[in-house]
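Working notes for the structure below.
Quick caveat: nothing in here was measured; it's all calculated off a predicted structure.
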Amino acid sequence: MATPLSDTPLSPLKTIAVVGLGTMGTGITEVLAKAGREVIGIDVSEAQATKAVAALEAATARAVERGRLTEQERADLLARVRTSTDLAAAAAADLVIEVAPESYEIKHQIFRELDGIVRPETILATGTNALSVTRLAADSARPERVLGLHFFNPAPAMKLVEVVSSVLTAPPAVAAVTDLAIELGKEPVAVGDRPGFVADGLLFGYLNQAAAMYEARYASREDIDAAMRLGCGLPMGPLALLDLIGVDTARTVLEAMYAESGDRLHAPAPILKQLSEAGLTGRKSGRGFYTYEAPGSAVTVPDALTPQEGNTRVAARSVRSVGVAGSGTMASGIAEVFAKAGYEVVLAARSEEKAQVAKARIGKSLARSVDKGRLTAEAAAQALELITPAGSYDAFADVDLAVEAVAEDLEIKQQLFATLDKVCKPGAVLATTTSSLPVVACARATSRPQDVIGMHFFNPAPAMKLVEVVRTVLTADDVHATVREVCAKVRKHAVDCGDRAGFIVNALLFPYLNNAVKMVQEHYASLDDIDAAMKLGGGYPMGPFELLDVVGLDVSLAIEKVLHREFRDPGLAPAPLLEHLVAAGCLGRKTGRGFREYARR
């Protein structure tokens with residue numbers, strides 16, 4: 001019979017065994033040894049153990065070259081690591097961290113054998129990111145000492161560690177490994193046992209939707225990746241990230257998540273199965289969504305899907321003057337973008353006064369750019385001079401491109417497009433900046449739907465590099481070519497997509513945000529832990545709740561309702577907690593309270 005946890009004081013976690021010396025196991029070994037722990041690295045393959053030691057030697061040698069370690073510190077670190085091919089070497093360990101392949105059979109066998117090897121007080125941790133910690137614990141002779149300790153790759157660099165408790169885990173075991181994570185210089189977050197935990201639970205749903213979007217040929221792999229990098233500030237696009245993680249690994253995680261949740265958003269996109277079974281698992285095989293220079297290389301090479309700049313491009317229409325409709329932040333930002341690029345801009349609002357206020361806002365923005373050294377005073381003055389405020393859309397009579405940035409209300413936009421149809425000259429391109437409404441509905445409000453296209457700028461428009469170019473089934477080829485050319489001239493990165501709810505960025509971003517709300521709603525993890533997990537584990541510039549409060553909970557809810565209505569997927573239904581907060585007037589920073597409270601200005 002196992003000794004009850006409460007009767008046995010936990011040993012200080014000084015000697016730690018790492019079972020499985022692949023990339024993750026080797027990285028964890030390095031982290032532990034650097035922190036002064038004695039490490040026993042165990043792998044069934046002697047060659048793999050040797051490879052791990054070589055990798056550790058190389059990593060520490062680089063650290064010496066960069067001045068992060070002295071030669072003596074390196075020698076001491078390496079002396080603290082020994083390897084074995086026999087699991088019995090874990091007998092002296094205070095903690096065992098298992099990072100074997102993601103297979104219940106393999107992990108169960110390791111845990112069963114460890115039961116007969118380690119001391120009663122030894123803590124057993126699994127590094128799984130997809131399998132049930134509870135299921136592994138239940139078959140152990142000491143389930144109260146089994147928990148999850150999920151590091152992120154590369155372990156030496158990534159700060160996040162998810163500490164996963166099952167219903168069987170004793171609190172002192174959790175406290176011991178949490179303290180260890182802090183001593184290792186990591187940021188531990190406490191989570192419950194469900195596939196994907198927090199970071200991967202949110203991340204892999206998003207990656208799966210990106211794969212499905214690509215599979216549907218809605219947008220190219222390059223445009224999907226660029227949209228999420230430039231539109232959300234992510235370090236890597238979702239398809240490139242799938243290649244880095246491993247398409248087969250992603251499929252395994254998603255299958256585990258789907259088995260648990262039954263949520264169709266977690267059902268692996270068929271393309272993940274097709275690529276996996278074809279051996280096209282990403283960087284490690286040399287080909288996945290992209291093609292790489294060699295297996296293991298990060299360098300992509302052109303392939304049959306790489307966009308080609310052909311010689312048969314449709315000629316663009318000439319654009320010298322631009323009309324911007326609206327007086328809000330987005331309209332002002334777009335007008336500033338065009339003026340700085342040398343276009344003559346007519347900034348029209350519902351009154352001359354509103355248009356003058358919008359121009360004054362642009363003047364302040366340009367002045368800030370001058371103060372920060374991003375623009376010369378002369379260039380700022382020239383840009384402001386190019387903007388003509390107007391109190392009527394009649395001023396758009398001679399513009400070559402009209403861009404509306406009015407309220408996100410279909411009826412208001414349709415009325416405006418009907419007006420533009422009457423006011424603008426034949427051949428003028430008419431563009432909407434909508435982020436969620438059907439562009440074709442705006443087009444049908446005119447007698448020239450072929451001239452209408454979506455140009456979805458991101459806020460703040462002067463700073464954000466992305467523009468989603470949205471073609472409807474009626475948009476003319478030369479209109480599309482014109483907008484692409486204009487985007488290049490204003491130094492924005494254009495991505496092409498079709499006319500469906502959310503386009504690229506919002507269609508991938510808001511289901512992720514909605515799933516984060518569901519996690520809090522279900523008391524699975526705290527706001528702070530989820531935000532920390534996504535910033536530290538996913539490389540996101542903001543956590544989901546920080547972002548929701550910035551965007552506005554009402555705006556977020558409206559977009560999520562549009563996505564749910566368009567795709568009719570139950571998994572896209574807005575989280576009730578979000579609806580309740582909006583109903584209570586808690587809309588985020590703009591009201592002083594959303595998911596968090598903010599000081600009133």
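For residues 400-411, every residue pair satisfying the salt bridge (Lys or Arg N to Asp or Glu O under 4.0 Å) rule, not counting sequence neighbours, is listed here: Asp400-Lys425, Glu404-Lys413, Glu408-Lys413. Contacts classified as side-chain hydrogen bond (donor to acceptor under 3.5 Å, both in side chains) and involving residues 453-477 (residues at least two apart or in different chains) are given here: His456-Glu468, Arg471-Asp477, Thr472-Thr475. Judged as a side-chain hydrogen bond (donor to acceptor under 3.5 Å, both in side chains), the pairs with a partner in residues 232-246 (not counting sequence neighbours) are, in order, Asp243-Tyr292. Applying the salt bridge (Lys or Arg N to Asp or Glu O under 4.0 Å) rule to pairs touching residues 531-548 yields Asp531-Arg596, Lys535-Glu546, sequence neighbours excluded. Residue pairs meeting the side-chain hydrogen bond (donor to acceptor under 3.5 Å, both in side chains) criterion with at least one partner in residues 193-212, sequence neighbours excluded, are Asn129-Asp200, Ser132-Asp193, Thr134-Asp193, Arg194-Glu522. Pairs of residues two or more places apart, or lying in two chains, that qualify as ring pair (Phe, Tyr, Trp, His ring centres under 6.0 Å) and include a residue from residues 509-533 are Tyr512-Tyr540. Note on residues 337-349: pairs passing salt bridge (Lys or Arg N to Asp or Glu O under 4.0 Å), not counting sequence neighbours, are Glu336-Lys340.
Contact record, Pro541 with Gly233: CD-O, 3.5 Å, taken as the closest heavy-atom pair. The two residues Cys586 and Leu553 make their nearest non-hydrogen contact at O-CD2, 3.3 Å. Here the shortest heavy-atom pairing between Ser165 and Val174 reads OG-CG2, 3.3 Å. For Leu207 against Pro238, the heavy-atom pair with the smallest separation is CD2-O, 3.5 Å. Closest approach of Glu162 to Ala199, counting heavy atoms only: OE2-N, 2.9 Å. The minimum heavy-atom distance between Asp263 and Tyr258, with the atom names listed, is O-CD1, 3.1 Å.
The line from CG of Asn515 to OG of Ser261 is 9.0 Å long, rounded to the nearest 0.5 Å. Between atom CD1 of residue Ile224 and atom OH of residue Tyr218 there is a gap of 9.5 Å, rounded to the nearest 0.5 Å. Here the CG atom belonging to Leu347 is positioned 7.5 Å from the CZ atom belonging to Phe396, to the nearest 0.5 angstrom. Taking CD of Glu222 as the reference point, atom OG1 of Thr306 lies at 6.0 Å (rounded to 0.5 Å). Here the OG-CZ distance, from Ser526 to Phe545, works out to 9.0 Å after rounding to the nearest 0.5 Å. Note that the CG atom of Leu572 and the CG atom of Leu563 stand 6.5 Å from one another [nearest 0.5 Å].
Two residues are said to be in side-chain contact when any heavy atoms from C-beta on lie closer than 4.5 Å; Glu352 and Gln356 meet this criterion. Under the 4.5 Å side-chain criterion, counting only non-hydrogen atoms from C-beta, Gln521 is in contact with Pro576. A 4.5 Å side-chain heavy-atom check between Leu466 and Val495 finds at least one atom pair inside the cut-off. Inter-residue side-chain proximity for Val469 and Ile453 is flagged as met; some heavy-atom pair is nearer than 4.5 Å. Using a 4.5 Å cut-off on side-chain heavy atoms (C-beta onward), Asp529 and Val198 make no contact. Counting heavy atoms from C-beta outward, Leu401 and Thr482 have side chains that stay 4.5 Å or more apart. No side-chain heavy atom of Val164 sits less than 4.5 Å from a side-chain heavy atom of Leu149. The shortest side-chain heavy-atom distance between Leu384 and Lys359 falls under the 4.5 Å cut-off.
With sequence neighbours excluded, the residues satisfying side chain to side chain contact (heavy atoms under 4.5 Å, CB included) with Ala240 are Asp225, Met236, Tyr290. A search for side chain to side chain donor-acceptor pair (under 3.5 Å) contacts involving Arg251 returns Glu255, not counting sequence neighbours. Applying the side chain to side chain contact (heavy atoms under 4.5 Å, CB included) criterion to Val555, with sequence neighbours excluded, gives Val551, Ile559, Lys590. Contacts of Phe289 classified as ring pair (Phe, Tyr, Trp, His ring centres under 6.0 Å), with partners at least two apart in sequence or in another chain: Tyr214. With sequence neighbours excluded, the residues satisfying side chain to side chain donor-acceptor pair (under 3.5 Å) with Asp421 are Ser447, Arg448.
The environment of CZ in Arg444 is sparse: at most 12 heavy-atom neighbours from other residues, nucleotides or ligands sit within 6.0 Å. By the neighbour-count criterion of 12 heavy atoms within 6.0 Å, atom CD of Glu353 is sparsely surrounded, having that number or fewer from other residues, nucleotides or ligands.
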Chi angles and distances behind the side chain to side chain contact (heavy atoms under 4.5 Å, CB included) call for Val406, Gln415: CA-CA 11 Å; Val406 298; Gln415 289 173 357; over 6 Å; no
For Met519 and Leu202: C-alpha separation, side-chain torsions, deciding distance, then whether side chain to side chain contact (heavy atoms under 4.5 Å, CB included) applies. CA-CA 9 Å; Met519 279 188 174; Leu202 293 177; 3.9 Å; yes
Given the rule in the side chain to side chain contact (heavy atoms under 4.5 Å, CB included) test, do Val324 and Tyr343 qualify, once you have shown the distances and angles that lead to the verdict? CA-CA 12 Å; Val324 179; Tyr343 288 97; over 6 Å; no
Begin with the C-alpha distance, continue with both residues' side-chain angles, and end with the deciding distance and a verdict on side chain to side chain contact (heavy atoms under 4.5 Å, CB included) for Ser365 and Arg368. CA-CA 5 Å; Ser365 174; Arg368 286 194 296 272; 3.7 Å; yes
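Side-chain atoms of Thr446 never come within 3.5 Å of backbone atoms of Cys442 as a donor-acceptor pair (strictly under, hydrogens ignored). A distance-only check finds a donor-acceptor pair linking the side chain of Glu566 to the backbone of Ala501 [under 3.5 Å]. Counting only distance, with no hydrogens or angles, the side chain of Arg361 and the backbone of Ser327 share a donor-acceptor pair below 3.5 Å. With hydrogens and angles ignored, the 3.5 Å screen pairs a side-chain donor or acceptor of Asn514 with a backbone N or O of Ala573. Remark: side-chain polar atoms of Asp223 are paired, donor with acceptor, to backbone N or O of Asp496 under 3.5 angstrom. Between the side chain of Asp549 and the main chain of Phe595, a donor-acceptor pair closer than 3.5 Å is present. The main-chain N or O of Met158 is found under 3.5 Å from a side-chain atom of Lys186 such that the two form a donor-acceptor pair.
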